[in-house]
Amino acid sequence: MRTSQFPLQTLKENPADAEISSHQLMLRAGLIRKLAAGLYTWLPLGVRVLKKVEAIVREEMDRSGALEVLMPAVQPAELWQESGRWEEYGPELLRLKDRHQREFCFGPTHEEIITELARNELQSYKQLPINFYQIQTKFRDEIRPRFGVMRSREFLMKDAYSFNIDQASLQATYNLMHTTYSRIFSRCGLTFRAVQADSGAIGGSASHEFHVMAESGEDIIAFSTKGDYAANVEKAEALASVPEAPPGKESMKMVDTPDARTIQQLVDQFDHPVEQTVKTLIVAAGEEEEANFIALLVRGDHDLNEVKAQSLPQVASPLRFATDEEIMETIGAGPGSLGPVNLPIPCIADRTVAVTADFSAGANIDGKHYFGINWGRDVPLQEIADLRNVIEGDPSPDGSGTLQIARGIEVGHIFQLGKKYSDAMNATVLDENGRAQTMTMGCYGIGVSRVVAAAIEQSHDAKGVIWPASIAPFQVALLPMKMSRSQRVREAAEALYEQLTSRGIEVLLDDRDVRPGFMFADMELIGIPHRIVLGERSLDEGKVEYRARTQSENSMIELERIGDFLQDALSQGTS
RNA sequence: CGGGGUGUGGCGCAGCCUGGUAGCGCGCUUCGUUCGGGACGAAGAAGUCGGAGGUUCGAAUCCUCUCAUCCCGACCA
């Protein structure tokens with residue numbers, strides 16, 4: 001490709017509304033342009049990258065035996081009503097009506113559609129297992145789209161859905177997808193980690209997310225310093241900080257704390273270690289509970305994990321915090337003075353709270369706290385559960401090492417769905433006994449457009465993008481110096497361009513009549529992995545200048561050898 | 001949904017407080033001089049000042065409404 005025929009829509013200045021580097025660079029390098037909030041046009045350069053990622057995904061999915069389909073982006077409401085999600089799904093679902101006032105949505109995901117397909121097309125266990133996938137545009141009406149294509153409303157996704165006769169078969173497909181995803185992200189040149197994820201209210205036994213490690217990631221993941229354990233903080237199991245409670249030394253006493261309404265104020269005003277404070281959160285109770293509300297206790301410096309809390313049967317799902325009025329009415333004290341002692345509603349203590357001695361908590365009387373509370377002696381320990389987010393330094397749940405915390409960008413998610421959709425939509429096949437069996441399902445997603453942003457987030461410098469070779473829009477930038485005035489340079493450039501192109505290398509020949517610095521800056525901004533400079537000087541010696549995007553020095557290479565040299569570099573996947 | 005910010009040629013911004021009929025940088029077009037790290041000079045094209053209404057002799061500027069967009073927050077006592 002020649003720059004004279006390929007628009008490089010680069011910008012020198014940073015667009016005002018781009019926050020993170022990948023978003024800024026995607027705009028500056030001319031990969032994308034914003035149309036409206038969360039909606040982006042991919043320019044020719046960006047499309048080349050997108051297609052590279054798509055090709056890798058497709059190759060590896062095909063290799064795994066999955067079969068490509070293409071489903072409609074617009075989906076009839078009836079199927080969503082059948083699965084129950086027409087009501088469950090919130091405002092994220094973009095609902096539409098056609099000219100006959102029939103209801104549709106723009107698909108944020110395709111479980112209903114694929115299940116409808118499967119129940120019609122699959123009749124026998126002999127057709128299983130089967131895994132369908134597509135690469136297609138999704139729309140989710142995000143509360144707050146941000147960071148360019150990282151969290152946009154419309155985005156390109158690879159989604160796959162497997163149908164299996166039983167759990168063992170599903171597990172096998174799931175494992176196969178796990179290795180397939182690892183191959184895909186490795187081939188994309190990403191540093192990533194598979195982590196255990198919350199399987200959510202949808203049910204299902206297992207779920208892993210694939211995260212690209214990056215400071216700007218929106219997810220927080222915890223992993224063991226020694227073992228293999230890695231999990232999304234939403235999911236990571238929080239063990240008690242110590243195996244058992246130390247013996248209590250203090251006796252319980254009530255203290256006037258008129259100005260301590262938060263844990264921080266309590267700690268500051270009474271010189272009290274935050275590890276010996278307990279906060280009491282009042283939430284709506286689950287349906288089986290007699291009380292309307294239930295109290296959750298976590299240590300003062302810990303955060304409640306809402307996903308864990310609402311998965312408890314005693315707690316209403318979705319989680320709902322009591323209002324100040326409800327708290328006043330139920331307990332007789334305001335939110336700043338709550339605690340387990342003399343509490344008129346049931347309460348669940350986090351594991352760490354259960355092993356804390358001599359702790360302080362509200363007295364359920366406004367402006368008063370108890371200090372030196374001990375379980376058993378002062379208040380019975382009713383129930384213990386894992387309620388909190390892990391923090392750095394917690395013991396790792398696999399028993400080896402402690403937990404570290406890092407940020408990640410979720411680029412893939414694999415999920416054992418089980419029978420949620422197949423049950424609701426009656427997707428069965430006949431088993432070997434001729435009996436109808438509900439199929440069990442898995443689903444497997446990759447955010448293709450997000451992968452592009454994640455790759456940049458992970459690999460860039462002050463000058464621009466540094467593409468992993470496998471997804472770079474071009475592999476080699478060929479920059480002739482003064483081509484418009486030097487017949488020799490022009491001829492050498494054309495010859496080398498022909499040679500490299502015929503070797504199957506994707507070359508971008510910069511045949512614009514611009515100054516060298518301009519070319520260098522553009523090529524570095526758009527992140528082409530290999531750069532060849534052709535000039536009178538080096539041609540005198542029969543050489544060209546080579547520089548990898550990751551390097552800061554040129555090396556001189558014989559003109560005759562450069563083709564082989566590049567081919568070697570590319571086949572090694574080095575950049 | 002709550003709070004805050006911003007809307008002025010393609011992009012980045014000034015002008016607004018104190019009303020007088022729009023300007024700078026980048027980019028773009030043409031010509032000339034340049035030519036190995038984002039050149040210089042000259043000439044040019046390009047803006048319903050987000051939209052509607054109002055105040056005024058006169059509104060980018062003041063007032064009201066509205067739309068768009070970005071950031072922060074969305075119950076952790």
Side-chain angles (χ1 to χ4, degrees), chain A residues 7-20 23-24 27-28 30 33-39 90-91 143-148 151 153 233 257 260-266 277-284 295-310 318-328 331 333-339 350 361-362 364 366 369 387-389 391 462-464 479-486 489 510 512-526 531-539 544-545 547 552 554:
Chain A
L8 295 180
Q9 306 290 3
T10 55
L11 302 173
K12 206 180 287 184
E13 288 170 289
N14 248 334
D17 52 12
E19 286 275 303
I20 61 172
H23 187 196
Q24 293 173 348
L27 290 164
R28 285 226 289 137
R33 288 289 181 259
K34 185 170 86 165
L35 176 66
L39 302 176
I143 301 180
R144 198 172 145 208
R146 62 180 128 180
F147 303 151
R151 178 170 294 283
R153 293 193 294 175
V233 161
T257 55
R261 297 185 51 79
T262 66
I263 292 291
Q264 192 56 50
Q265 288 165 351
L266 194 68
T277 60
V278 165
K279 58 187 173 192
T280 305
L281 314 174
I282 310 298
V283 300
L296 306 176
L297 306 182
V298 296
R299 207 170 76 180
D301 58 332
H302 287 161
D303 285 333
L304 180 71
N305 181 309
E306 297 191 13
V307 176
K308 290 177 183 174
Q310 74 186 20
L319 189 77
R320 184 178 77 79
F321 283 89
T323 63
D324 287 5
E325 292 72 34
E326 286 168 340
I327 291 173
M328 208 62 196
I331 299 171
S337 306
L338 303 178
D350 177 66
N364 300 319
D366 275 336
H369 278 74
L387 289 178
R388 67 178 175 96
N389 285 334
I391 58 173
K463 293 172 175 172
L479 307 187
M481 300 292 99
K482 302 189 267 187
M483 184 162 101
S484 61
R485 276 156 292 121
S486 166
V489 170
D510 200 343
R512 296 175 295 182
D513 188 15
V514 295
R515 300 166 73 84
F518 205 94
M519 288 185 186
F520 296 149
D522 258 0
M523 294 303 147
E524 281 159 350
L525 176 59
I526 67 181
R531 180 179 92 186
I532 302 295
V533 176
L534 273 173
E536 293 270 2
R537 276 188 225 154
S538 53
L539 283 179
V544 297
E545 288 161 48
R547 182 140 140 196
S552 54
N554 290 333

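Lettering of chains follows the sequences in order, A, B, ..., and the numbering in each one begins at 1. All values reported here derive from a predicted model rather than from experimental measurement.
In this entry the distance linking CD1 of Ile526(A) with P of G38(B) reads 18 Å, nearest Å. Straight-line distance from the CG atom of Leu266(A) to the P atom of C76(B): 17 Å, rounded to whole Å. Across the protein-nucleic acid pair, Asp303(A) atom CG and C75(B) atom P stand 11 Å apart, rounded to whole Å. When rounded to the nearest whole Å, the span between CE of Met519(A) and P of G38(B) equals 13 Å. Spacing between atom CD of Gln24(A) and atom P of G12(B) amounts to 12 Å, rounded to whole angstrom units. Taking atom CD1 of Ile282(A) as the reference point, atom P of C75(B) lies 16 Å away to the nearest angstrom. In this structure, Met328(A) places its CE atom 18 Å from C1' of C75(B), rounding to the nearest Å. Whole-Å rounding puts the Asp510(A) CG to G38(B) P distance at 15 Å.
Only the C1' atoms considered, G7(B) is 11 Å distant from G51(B), to the nearest whole Å. Taking the C1' atoms as reference points, G20(B) lies 34 Å from G4(B), given to the whole Å. Taking atom C1' on both nucleotides, G44(B) is separated from G27(B) by 14 Å, rounded to a whole Å. The gap from the C1' atom of U6(B) to that of G15(B) amounts to 16 Å, rounded to the nearest Å. Rounded to a whole angstrom, the distance from the C1' atom of G32(B) to that of U21(B) is 37 Å. Between A59(B) and C49(B), the distance separating the two C1' atoms is 11 Å to the nearest Å. For the P atoms, the distance linking U61(B) with G2(B) amounts to 27 Å, nearest Å. The same atom, P, is picked in C24(B) and in A46(B); the two are 15 Å apart, to the nearest Å.
Here the CZ-CG distance, from Arg485(A) to Asp513(A), works out to 6.5 Å after rounding to the nearest 0.5 Å. How far CZ of Arg531(A) is from CE of Met519(A): 11.0 Å, rounded to the nearest 0.5 Å. Put simply, CG on Leu297(A) and CG on Asp350(A) are 9.0 Å apart, with the number rounded to the nearest 0.5 Å.
For G38(B), the base has a donor-acceptor partner in the side chain of Asp522(A) [N/O atoms by modelled type, under 3.5 angstrom].
In terms of position on RNA chain B, the residue among Thr10(A) and Pro15(A) whose nearest nucleotide sits closer to the 5' end is Pro15(A). Between Gly517(A) and Ser337(A), the one whose closest nucleotide on RNA chain B sits nearer the 5' end is Gly517(A).
Residues satisfying the side-chain contact (heavy atoms from CB on, under 4.5 Å) criterion with Ile20(A), sequence neighbours excluded, are Ser22(A), His23(A), Phe147(A), Met150(A), Ser216(A), Glu457(A).
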Could I get a table of every N or O pair under 3.5 Å where one atom is in the protein and the other is in nucleotides 66-71 of chain B?
from, atom 1, to, atom 2, distance (Å)
U69(B), OP1, Ala37(A), N, 3.2
U69(B), O3', Lys34(A), NZ, 2.9
C70(B), OP1, Lys34(A), NZ, 3.4

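Using a 4.0 Å cut-off between charged side-chain N and carboxylate O, Glu545(A) and Arg537(A) make no salt bridge.
Within 4.0 Å (heavy atoms only), Gly336(A) reaches sugar-phosphate atoms of the nucleic acid but no base atom. At the heavy-atom level, Leu296(A) lies nowhere under 4.0 Å from the strands shown.
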What one-letter contact string describes nucleotides 22-34 of chain B from 5' to 3', where B marks a base within less than 4.0 Å of any protein heavy atom, S marks contact via sugar-phosphate atoms alone, and - marks no contact? ---BSS------B
